[in-house]
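In what follows, a structure is listed as structure tokens, so that the remarks can point back to it.
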2 protein chains.
Amino acid sequence: MRQETLAALKDKGFRLTKIRKFIVEIFYSSEAVPISAPELRTRLLAQNVKANKTTVYRELDFLSDQGIIVEINAGDGKKRYELQRHGHHHHILCLRCSAVECVTIENCALEDQLNSVDLKNFKVTGHALNFFGLCEGCRPYTECR
Amino acid sequence: MRQETLAALKDKGFRLTKIRKFIVEIFYSSEAVPISAPELRTRLLAQNVKANKTTVYRELDFLSDQGIIVEINAGDGKKRYELQRHGHHHHILCLRCSAVECVTIENCALEDQLNSVDLKNFKVTGHALNFFGLCEGCRPYTECR
DNA sequence: TTGACAAATGCAACCTCGTTGCAATATAAT
DNA sequence: ATTATATTGCAACGAGGTTGCATTTGTCAA
Ligand SMILES: [Mn+2]
Ligand SMILES: [Mn+2]
Ligand SMILES: [Zn+2]
Ligand SMILES: [Zn+2]
């Protein structure tokens, strides 16, 4: 999959730089956990790949424009990204440690009704359902920080 | 309502400053539209009330701590606040102009099932359902900016 | 293999939103 | 009017994110 993605980019005239290849690899190997820009930088650094923060932000924009990743909003103020191919689903955020995981609601009656409806004179094009609570490690704590 | 809220604060030993009274008034007169910190500052200024941004942020924290307002997340990265008494409901965000309105889903089958469930080993304590699309004024445009 | 050209990168400077420590001010009870 | 302390303003800081511009690098063709 990673190879096809990279090949497709090259076909379009984009270059397969070291940083780009590492980033694509990181997204493919991070299935159920969306990644923020700062986290991505940290993960690159952990592999001894130094990337300026401007470069990281530009690469996230680029991969989004190319439809390879999508921005998700888990309910805290931070943008995270994940592979677009994962399709529509939802997210859960730990209020204490900010961990985020992807969740899929089974038999979600709303899904079919949520989109394409008119709400408050808005033309609705999508929705996001975020859960929050305490992750396994944070359950012992009351909440936050 | 505003008067009771202010009186209750005074009973607890807090002071009814000019800025605090204006802010409470603004929230009570802004029923279906949550307000961000920068917006709140602007609205104060429009009434010739100059408030340092630190003061505005501190007042939002204070009113949240007092249970008078709650922070809501409409899906863009920005924190907004609204009266707590409005109770649980959802929000819709315009992808072009960032306008936010409150929405209540009628016959929402999910509501009863969404909370108090275990997801991914998380202890779920709440959820947020955000819609996005184009507001009435932005409908003519394709999207964004 | 070597150039050439455009894509990608790094850097510095800037922006918005939000926070902190501390000194100055204002509310409200006496 | 005094006083205690809640509140405010200010300056400085920090994270996350963006922009303009000069430099580097990937790609391809000679
Ligand atoms: Mn996801
Ligand atoms: Mn609302
Ligand atoms: Zn946690
Ligand atoms: Zn709009």
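We name chains A, B, ... by the order of the sequence lines, and we start the count at 1 in each one.
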> Starting at NZ of Lys79(B) and ending at C1' of dT16(C), how long is that distance when rounded to a whole Å?
Replying inline: 14 Å
>> Looking only at the aromatic ring of each residue, does the gap between the centers of Phe132(B) and Phe122(A) stay below 6.0 angstrom?
In response: no
> Lys21(A) near the nucleic acid: base, sugar-phosphate alone, or nothing, with a heavy-atom cut-off under 4.0 Å?
Replying inline: nothing
> Have Tyr28(B) and Thr5(B) got a donor and an acceptor in their side chains that come within less than 3.5 Å?
Replying inline: yes
>> Given dT9(C), dT18(D), dC10(D), identify the nucleotide with an atom nearest to the side chain of Asn52(B).
In response: dC10(D)
> How long is the line joining CZ of Arg20(B) and C1' of dA26(C), in whole Å?
Replying inline: 12 Å
> Over how many whole Å does the gap from Leu60(B) atom CG to dT7(D) atom P extend?
Replying inline: 14 Å
> Between Glu71(B) and Arg80(B), does at least one N-O distance fall below 4.0 Å, as a salt bridge requires?
Replying inline: no
> Given atom CZ of Phe62(A) and atom C1' of dT18(D), what is their separation to the nearest angstrom?
Replying inline: 19 Å
> Are Glu31(A) and Arg85(A) ion-paired here, with the side-chain N under 4.0 Å from a carboxylate O?
Replying inline: yes
> Checking all strands, does Lys12(B) fall into the base, sugar-phosphate, or nothing category for heavy-atom contacts under 4.0 angstrom?
Replying inline: nothing
> Between the base of dG18(C) and the side chain of Lys53(B), is there any donor-acceptor pair under 3.5 Å?
Replying inline: yes
>> Between P on dA7(C) and CD on Glu59(A), what's the gap in Å once rounded to a whole number?
In response: 14 Å
For nucleotides 26-30 of chain D, tabulate all protein N/O to nucleotide N/O atom pairs closer than 3.5 Å, reporting atom names and distance.
{"unit_1": "dG26(D)", "atom_1": "N2", "unit_2": "Arg15(A)", "atom_2": "NH2", "d": "2.5"}
{"unit_1": "dG26(D)", "atom_1": "N3", "unit_2": "Arg15(A)", "atom_2": "NH1", "d": "3.3"}
{"unit_1": "dT27(D)", "atom_1": "OP1", "unit_2": "Leu16(A)", "atom_2": "N", "d": "2.9"}

>> Do the side chains of Arg43(B) and Glu25(B) get close enough for a salt bridge, i.e. N-O under 4.0 angstrom?
In response: no
> How close or far is atom P of dG14(D) from atom NZ of Lys78(A), stated in whole angstroms?
Replying inline: 16 Å
> Is any side-chain heavy atom of Leu40(B) less than 4.5 Å from a side-chain heavy atom of Phe27(B)?
Replying inline: yes
> Expressed in angstrom and rounded to an integer, what is the separation of Leu6(B) atom CG from dA6(D) atom P?
Replying inline: 18 Å
> Going by modelled atom types, is there a donor-acceptor pair between the base of dT8(D) and the side chain of Thr54(B) at under 3.5 Å?
Replying inline: no
> Side-chain N or O of Arg58(B) less than 4.0 angstrom from OP1 or OP2 on dT8(D)?
Replying inline: no
>> Checking contacts here: which listed nucleotide (dT18(D), dC10(D), dT19(D)) is nearest the side-chain heavy atoms of Tyr57(A)?
In response: dT18(D)
>> Can you see whether His88(A) engages His90(A) through a side-chain donor-acceptor pair at a distance of less than 3.5 angstrom?
In response: yes
> Taking atom C1' of dT7(D) as reference, at what distance in whole Å does atom CG of Asp65(B) sit?
Replying inline: 15 Å
